[in-house]
Amino acid sequence: MKPYFFILFFCQFLLVNSQESQQPEFLEYTNSKWVDSVMEQLTPNERIAQLIMVAAYSNRGLKHKEEILKLIKEQKIGGLIFFQGTAKKQVQLMNDYQLVSKVPLLGAIDAEWGLGMRLDNTISFPFQMALGAIKDDTLLYKMGEEVARQIKRTGLHMNFAPVVDVNNNPNNPVINYRSFGEDKEKVAEKGIAYMKGMQDERILTTAKHFPGHGDTDTDSHKALPQINHPFTRLDTLEMYPFKELIDAGVGGVMVAHLNIPALDSSGVPSTLSKKIISGILKEKLGFKGLIVTDAMNMKGVTTGNEPGVVDKKAIIAGNDLLEFTEDVPKAIAEVRKAINMGIISQKDIDEKCRKVLAVKQWVGLNNYEPLKTANIDKELNNSYAKYLQQKLVEKSLTVLKNDNEIIPLRRLDTLKIASISIGADKKTTFQESLGWYTKIDDFQLKNNATASQISAVKEKLKGYNVVIAGLHDHSKYPRNSIRYSAQVLKFIAEIAQNEHSIFSVFKNPYTLNKIENIEDAPVLIEAYQDSELSEQKAAQLIFGGFKADGKLPVSVGDKFKAGDGIETSEKIRFSYTAPEDAGMNADFLQKGIDSLMEQAIANKAIPGGVVLVAKDEKVVFQKAYGLHKYSDTVKTKASDIFDLASVTKISSALPALMKLQDEGKFSLEDGIDDYLPYFRNSNKADIPFRQIFAHQARFKPWIPYWQNTLRKNGSYKWNTFKKDSSARFPVKVSDDMWLHRNYKKKIYKAIKKSPLEDKAEYKYSGLAFYLLPQIVENLSEEDYRTYLNENFYSKLGATTLGYQPTESFDLSRIVPTESDFEFRHKPIHGSVHDEGAIMMGGVSANAGLFSDANDLAKLMQMYLNMGEYGGDRYIEASTLKEWTTTQFPENNNRRALGFDKPNLKYKGPNNNTAKDASKASFGHTGFTGTMVWMDPAQDLLFVFLSNRVLPTRDNRRLYTLNTRTQIQETLYNSISAYE
């Protein structure tokens, strides 16, 4: 070793080893004025009572409350540990209990994974086994902060967490998923991060269950487990995390109920062992903080010990705080008896009492004030906590196999995908979430499925080239158990041999060792638990909504080792996440959009609608409002399909022509006559598409083609419509209106002969868009719809985006539009609203497309990504840049090529876009009340779908209220509010 390397190493060694352990912060108050003043007021027995914490529930009746009040008034107990109930009731009770207590009560709770562990309608963060898979401990620190804030909001001050047991026994029935894993160092690191997050928010924590409950196969709630390892092993492994947390300043340590002969050969539970508590924890490890017993009602300590007597033994052993004392008067009496007998001194009791009081001052109980219950549920279920919950689940997912980088799935147009949820009897959240990305056929198989049921599913799966299997449990806790029948397990093993199978296991990782051949699956994702979030996030991971980097925290037999985990290559599609994940203020976003949509519905500007917002390729808001029609009760759903109207213009022929331009087959400098010879001798000849798409080609705005089919008496001309279809009348306009097969030529003729405007200035026109499908077909030599599907919609996974939606979707999913009293003489539902487009058979580039918000957003995100999405390039970035740039600003024309742009100068509240929309932004609106807008400056996407033309197109309130633009402004405000 070179000298300077040695000096550097030696200096680092001295630095590390010279650092002293951090003492718990509360210890500075043990001799404070407040603690002294309280001690002077307490009788000797009341000082003993301060060491007692009894169980309280907020889901029990008046009798229970009276029992607790009696203990507080008569016995002067020091604290309460709350169990099941509700947050609001818990606050009410704690306020009442504090009111009658001589000394403010210390309130505790078991909230290992948040308040959801005990309280209804509160947030549960992932179990610690899942947290053990997360690489970034900063997230655990943040979780600690939020858990602490929530505990304080419910009137409590102490969390019996974190669990820092090293789970090195897969059959452990009581710790298991509650442990960070089997690696002692990682357990310590994560325990410290979680602990510091809580204590930095002034919630006292307790590292548990000392000296280590990880290597047991007995539940100490039911019996006394025995650990037979030698002292050296216990000292270097089981106790390692406790040492590290003590050095890091943990406030409390909870002692387990264990029989550990190597530490105390007497056979007494560790909770009652002076050798373990006083000898090892206090003297050898130097812990000066609060020592807490595990619950004193557990069989591991109560067997052979009377209530009260067992509490005395725990105090004598060195514990400072008794959790869940069952007989308080007797416990006080027994401790008093021990003092009188000289077994323990009053001085020792006083020191313990001062510790408890010091904790109370540290958490702020010296200045106690009652808490309000107003808005508590909303405050606890706050947007930041939900975001953090999502992020923790996302970062925990662990990819154990990914042969040939199958995930994220690519080329969706080449895949026929089936999903099967095993252990489920109805469509799962996992399957619904997979459906966000593409068309998937869903199957379910119960955990005890019969041979015939399994055989039927196997037969159906033969037609698919990708099978995504979810292994579900749906139990509250992810225990190390398998409930699948032998037949189902055999079926799982068979699927795992399929080279195109993807498995997501929503179960305890140890169960992988109980499933034959699961390790052979080409893709294997460990999700740790079965929750809505884990199912949603696993689906997103499969399709590339985010990258995976989780690491397995435990070994699984010979199949996988702790630390295994493959990092997937890249994010290629939407993730569906919280606004905070994209730098937006969720509360601002939600309130703002809700308010504006409610205003629009209340003013009958629209009967309903859907709003989708994405930022940084993350869908952060997707919500449906109102009804399909004012007169019915069908609620709008986010998955409903809307008539896109003129948004069709930028969603159909436009991407096709951009692609054809990339291939050298189309030029913006050419005119219609270059691609449709019929127009060579017209006034439209030689007008370049650059001017046409910028809407300054002098074209008339529109032509009411349908009016040309009428006689003077209002009936239709004989050669236009018939009531029934035939070879001559094959074009369906409605059930009893069939258009002549050649009428398309009349539309072309009307466009050709239409006069031009006098001046070349901006005037919106849809005329040329009737011609574009034919141009695309001529250039591509493919059917127009086929070309769009093959090159765009199918590849994007945009399965609802297309023409003539009733061919593929039930009418109930399609939102109706106008009640047409002039042309079709009936309500329009399932066919395009635009008269010209329906006369083109419903397939035009000016209107005719339908979509739900999610699928439309995929195409728009591809634009926003400058031509890329899902790992595929659709259009060259330079082409998209050109087409989305204002073409003739010198002519006071804001338009790009086909795309709309912000006004050149902001026009106040009635501007066509939000004031904060950048000049680089682009999009389009539609006559039915639709709008899409993209802003590259913020990587921001906005989709608004509505049917404002119901019941009539004369309803212009959506424009008057300027709802769409105001919602768009809300998006920018939410970004500013977050910053």
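Counting heavy atoms from C-beta on, the side chains of Asn891 and Gln696 come closer than 4.5 Å. Side-chain contact between Val943 and Val611: absent, with no pair of heavy atoms (C-beta onward) separated by less than 4.5 Å. Here the side chains of Lys395 and Asp549 are in contact, with some heavy-atom distance below 4.5 Å. Inter-residue side-chain proximity for Gln540 and Trp436 is flagged as met; some heavy-atom pair is nearer than 4.5 Å. The closest side-chain heavy-atom distance from Asn903 to Thr913 is not below 4.5 Å. At a threshold of 4.5 Å between non-hydrogen side-chain atoms, the residues Ile967 and Arg964 do not count as touching. Taking 4.5 Å as the limit, every side-chain heavy atom of Lys142 sits out of range of all side-chain heavy atoms of Glu146. Tyr787 has its side chain within reach of Leu660: a pair of non-hydrogen atoms, C-beta onward, lies under 4.5 Å apart.
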query = Step by step, would you call Arg690 with Glu882 a salt bridge (charged side-chain N to carboxylate O under 4.0 Å, His left out)?
reply = CA-CA 10 Å; Arg690 188 176 298 279; Glu882 179 183 16; 2.8 Å; yes
Worked check of side-chain hydrogen bond (donor to acceptor under 3.5 Å, both in side chains) between Asn910 and Tyr959 = CA-CA 9 Å; Asn910 293 318; Tyr959 305 143; over 6 Å; no
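Between the CG atom in Leu657 and the CG atom in Leu654 there is a gap of 6.5 Å [rounded to 0.5 Å]. The CG atom of Asn382 lies 12.0 Å from the CG atom of Asp377; values are rounded to the nearest 0.5 Å. Taken from CG in Leu859 to OG in Ser851, the straight-line distance is 8.5 Å, to the nearest 0.5 Å. Here Thr800 contributes atom OG1 and Phe809 contributes atom CZ; the two are 5.5 Å apart, rounded to the nearest 0.5 Å. One finds the NZ atom of Lys391 at 11.5 Å from the OG atom of Ser396 (value rounded to the nearest 0.5 Å). Interatomic distance, CG of Leu849 versus CG of Leu788, reported as 7.5 Å (0.5 Å rounding).
For the pair Leu856 and Leu801, the tightest heavy-atom approach, listed with the atom from each and the gap, is CD1-CD1, 4.5 Å. Across all their heavy atoms, Gly929 and Ser946 have their closest contact at O-OG, 3.0 Å. Of all heavy-atom pairs between Ile975 and Met584, the closest is CG1-CG, 3.8 Å. Pairing each heavy atom of Ala914 with each of Thr965, the nearest pair is N-CG2, 3.5 Å.
The number of heavy-atom neighbours closer than 6.0 Å to NZ of Lys763, taken from other residues, nucleotides and ligands shown, is 12 or below. Residue-environment remark: CD (Glu379) exceeds the threshold of 12 foreign heavy atoms within 6.0 Å. Few gaps surround NZ on Lys623; more than 12 heavy atoms of other groups in view lie less than 6.0 Å from it. Other residues, nucleotides and ligands place no more than 12 heavy atoms under 6.0 Å from the CD atom of Glu405.
Look at Asp852 and Lys637 and you find no salt bridge, because none of the NZ, NE, NH1 or NH2 atoms lies under 4.0 Å from a carboxylate O. Salt bridge status for Asp581 with Lys618: present, with a side-chain N to carboxylate O gap under 4.0 Å. Between Arg410 and Glu570, at least one side-chain nitrogen of the basic residue sits less than 4.0 Å from a carboxylate oxygen of the acidic one, meeting the salt-bridge criterion. A salt bridge links Lys858 with Asp855; the closest basic N to acidic carboxylate O contact falls under 4.0 Å.
In the model, Asn947 has no side-chain atom that pairs as donor or acceptor with a side-chain atom of His628 under 3.5 Å. Using a 3.5 Å distance cut-off with no hydrogens or angles, the side chains of Gln599 and Asn603 do not pair a donor with an acceptor. For the residue pair Ser383 / Glu580, a side-chain donor-acceptor distance below 3.5 Å is found, with atom types taken as modelled. Between the side chains of Ser918 and Asp935, at least one donor N or O lies within less than 3.5 Å of an accepting N or O. Residues Ser534 and Ser531 have side chains that bring a donor and an acceptor to within less than 3.5 angstrom of each other. When only modelled atom types and interatomic distance are considered, Ser652 and Tyr784 share a side-chain donor-acceptor pair under 3.5 Å. Checked by atom type, the side-chain pair Tyr793/Asp413 shows no donor-acceptor distance below 3.5 Å.
Between Tyr387 and Tyr384, the ring-plane angle classifies as tilted under the 30° and 60° cut-offs. Taking the six-membered ring where the residue is Trp, Phe922 and Phe899 present perpendicular rings, their angle passing 60° and hence far from 30°.
Ring to ring, Phe769 and Phe693 are close: their centroids are under 6.0 angstrom apart. The aromatic ring centres of Tyr576 and Tyr437 sit less than 6.0 Å apart. You'll find the ring centres of Phe574 and Tyr869 inside the 6.0 Å limit.
Scanning for side chain to side chain contact (heavy atoms under 4.5 Å, CB included) contacts around Gln389 gives Ile123, Phe125, Leu533, with sequence neighbours left out. Considering only residues two or more places apart in sequence or on other chains, Lys919 meets the side chain to side chain contact (heavy atoms under 4.5 Å, CB included) condition with none of them.
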